[in-house]
Amino acid sequence: MLNKKQIRYCLDIMKEMFPEAECELNHKNPFELVIAVLLSAQCTDVLVNKVTQELFKKYQTPEDYLAVSLEELESDIRSIGLYRSKAKNIKKLCRSILEEFNGEVPQTVKELETLAGVGRKTANVVASVAFGVPAIAVDTHVERVSKRLAICRWKDSVNEVEETLKRKIPEDEWSDTHHRMIFFGRYHCKARSPECPNCPLLDLCREGKKQMKKRGLTIVD
């Protein structure tokens with residue numbers, strides 16, 4: 001496991017590499033964001049943005065989604081994986097926002113998690129991006145990077161990864177670190193063919209050194 005000084009170094013390098021890292025899901029308000037993040041489960045942000053380009057023109061309020069049939073909404077998001085269950089959750093979510101939160105997206109993680117289709121990761125993203133609440137949303141990229149760099153343990157659950165990161169990273173850096181780790185995992189420390197030979201963190205990364213050996217590459221000090 002990395003010590004405090006090594007973790008600080010990793011965070012600083014990620015900041016240098018991706019200083020402008022931010023949410024890549026297109027949205028104009030908290031309501032659009034929660035819909036976009038819900039749709040992004042097991043789906044790329046690129047595809048979600050293609051779908052929401054037209055979706056957000058057609059539906060602008062919770063009432064708009066509830067005014068159409070489930071079949072019509074399914075058709076509108078058909079190109080997205082799990083579109084049937086996501087369409088059902090969108091309708092349930094919209095009804096909850098109207099009936100339980102006076103038509104406004106709730107601002108706390110706890111309240112957001114009560115909405116259909118909104119798990120811990122989605123709630124953290126919305127709270128952080130839309131409302132400025134310090135949070136670390138652990139998606140596949142954040143989990144992979146945290147474990148490869150030994151900031152967390154390989155056996156840790158997603159919730160354990162979140163709690164470990166929150167303990168080891170200053171609270172005022174949680175949200176920015178979340179975005180930088182996503183960019184680092186999405187564009188550099190990729191699931192397949194990570195950029196280990198060009199990684200400034202290779203010296204600290206046991207997983208990276210294993211990858212280098214598998215590829216028959218020499219680690220240069």
Side-chain angles (χ1 to χ4, degrees), residues 1-25 33 36-37 39-49 81 109 119-129 132-215 217 219-221:
M1 300 288 286
L2 298 188
N3 59 39
K4 185 175 181 179
K5 183 177 180 180
Q6 291 170 324
I7 292 173
R8 179 73 266 165
Y9 177 74
C10 290
L11 298 182
D12 289 343
I13 290 295
M14 290 181 201
K15 181 178 180 179
E16 289 179 10
M17 293 176 70
F18 302 104
E20 306 298 326
E22 61 183 2
C23 179
E24 293 190 300
L25 289 169
L33 178 61
V37 182
L39 291 174
S40 72
Q42 299 184 40
C43 182
T44 66
D45 288 0
V46 173
L47 178 55
V48 172
N49 287 337
V109 171
R120 181 73 177 182
K121 184 204 78 172
T122 298
N124 276 326
V125 171
V126 175
S128 173
V129 175
V133 177
I136 297 179
V138 179
D139 68 353
T140 56
H141 302 296
V142 174
E143 182 178 11
R144 181 173 66 255
V145 169
S146 299
K147 291 181 176 181
R148 281 181 174 174
L149 286 172
I151 297 175
C152 302
R153 299 174 298 177
W154 275 110
K155 65 180 182 179
D156 283 351
S157 67
V158 171
N159 288 341
E160 288 172 332
V161 170
E162 180 186 340
E163 292 307 313
T164 298
L165 292 174
K166 288 167 71 174
R167 285 198 311 271
K168 294 184 176 182
I169 297 170
E171 184 174 352
D172 62 354
E173 296 181 41
W174 287 356
S175 295
D176 287 339
T177 296
H178 153 245
H179 291 303
R180 289 167 188 155
M181 291 184 82
I182 287 176
F183 272 50
F184 188 78
R186 182 176 289 162
Y187 301 114
H188 183 78
C189 189
K190 295 171 283 190
R192 297 182 181 180
S193 300
E195 302 291 333
C196 300
N198 306 314
C199 186
L201 300 179
L202 181 60
D203 286 346
L204 295 177
C205 184
R206 286 180 296 180
E207 183 62 24
K209 292 174 182 177
K210 290 179 183 177
Q211 289 285 337
M212 293 288 282
K213 290 181 179 178
K214 286 180 181 179
R215 301 186 206 179
L217 300 174
I219 300 175
V220 180
D221 295 329

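As the structure is a prediction and not an experimental result, all values here were calculated from the model. The chain is numbered in sequence order, starting from 1.
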*Could you go through the side chain to side chain contact (heavy atoms under 4.5 Å, CB included) check for Glu160 and Cys152 one step at a time?*
CA-CA 8 Å; Glu160 288 172 332; Cys152 302; over 6 Å; no

*Is there a donor-acceptor pair under 3.5 Å between the side chain of Arg206 and the backbone N or O of Ala150?*
no

*asked:* Within the supplied structure, the quantity of interest is the number of heavy atoms (other residues, nucleotides, ligands) at a distance under 6.0 Å from Lys190 NZ; does it exceed 12?
replied: yes

*When rounded to the nearest 0.5 angstrom, what distance separates CD in Gln6 from CG in Leu149?*
10.5 Å

*Taking the inter-plane angle between the rings of Phe18 and Phe184 on a 0 to 90° scale, is it parallel (under 30°), tilted (30 to 60°) or perpendicular (over 60°)?*
perpendicular

*List the atom of Trp174, the atom of Leu165, and the distance in Å for their closest heavy-atom pair.*
NE1-O, 4.4 Å

_Tell me the closest heavy-atom pair linking Ser40 and Val37, and the distance in Å._
OG-O, 2.7 Å

*Close side-chain approach of Glu162 to Asn124, heavy-atom, < 4.5 Å*: yes

*Counting N and O atoms only, with roles assigned by atom type, does the side chain of Lys147 sit under 3.5 Å from a partner on the main chain of Val161, one being a donor and the other an acceptor?*
no

*Mind checking whether Arg186 and Asp45 have side chains closer than 4.5 Å, heavy atoms only?*
yes

_pair Lys210-Cys196: side-chain heavy atoms closer than 4.5 Å_ = no

*Do any N or O atoms from the side chain of Arg148 and from the backbone of Cys189 form a donor-acceptor pair under 3.5 angstrom?*
yes

*Which atoms form the tightest heavy-atom contact between Ile13 and Pro200, and what is the distance?*
CG2-CG, 3.5 Å

_Distance check, rounded to the nearest 0.5 Å: Arg180 atom CZ versus Cys10 atom SG?_
13.5 Å

*When rounded to the nearest 0.5 angstrom, what distance separates CG in Asn3 from CD1 in Ile151?*
11.0 Å

*Considering all heavy atoms of both residues, which atom of Ala137 and which atom of His178 are nearest to each other, and what is their separation?*
O-CD2, 3.1 Å

*For Glu143 and Lys121, what are the C-alpha separation, side-chain angles and deciding distance, and is it a side chain to side chain contact (heavy atoms under 4.5 Å, CB included)?*
CA-CA 11 Å; Glu143 182 178 11; Lys121 184 204 78 172; over 6 Å; no

_Between Arg167 and Glu163, does any side-chain N to carboxylate O distance fall below 4.0 Å?_
no

_What's the separation between atom OG in Ser128 and atom CG in Leu33, rounded to the nearest 0.5 Å?_
9.5 Å

*Could you tell me whether the side chain of Lys209 and the main chain of Leu202 form a donor-acceptor pair under 3.5 Å?*
no

*Can Arg144 and Glu207 be counted as an ion pair, charged N to O under 4.0 angstrom?*
no

*From the options His141, Met14, His188, Glu24, select the one residue that forms a side chain to side chain contact (heavy atoms under 4.5 Å, CB included) with Phe183.*
Glu24

*Taking all non-hydrogen atoms of both residues, which atom of Val48 and which atom of Ala36 are closest, and how far apart?*
CG1-O, 3.8 Å

*Is the closest side-chain heavy-atom distance between Glu173 and Lys15 below 4.5 Å?*
no

*asked:* What's the separation between atom OG1 in Thr164 and atom CG in Asn159, rounded to the nearest 0.5 Å?
replied: 10.5 Å

_Gap separating the CD atom of Glu195 from the CG atom of Leu201, nearest 0.5 angstrom_ = 13.0 Å

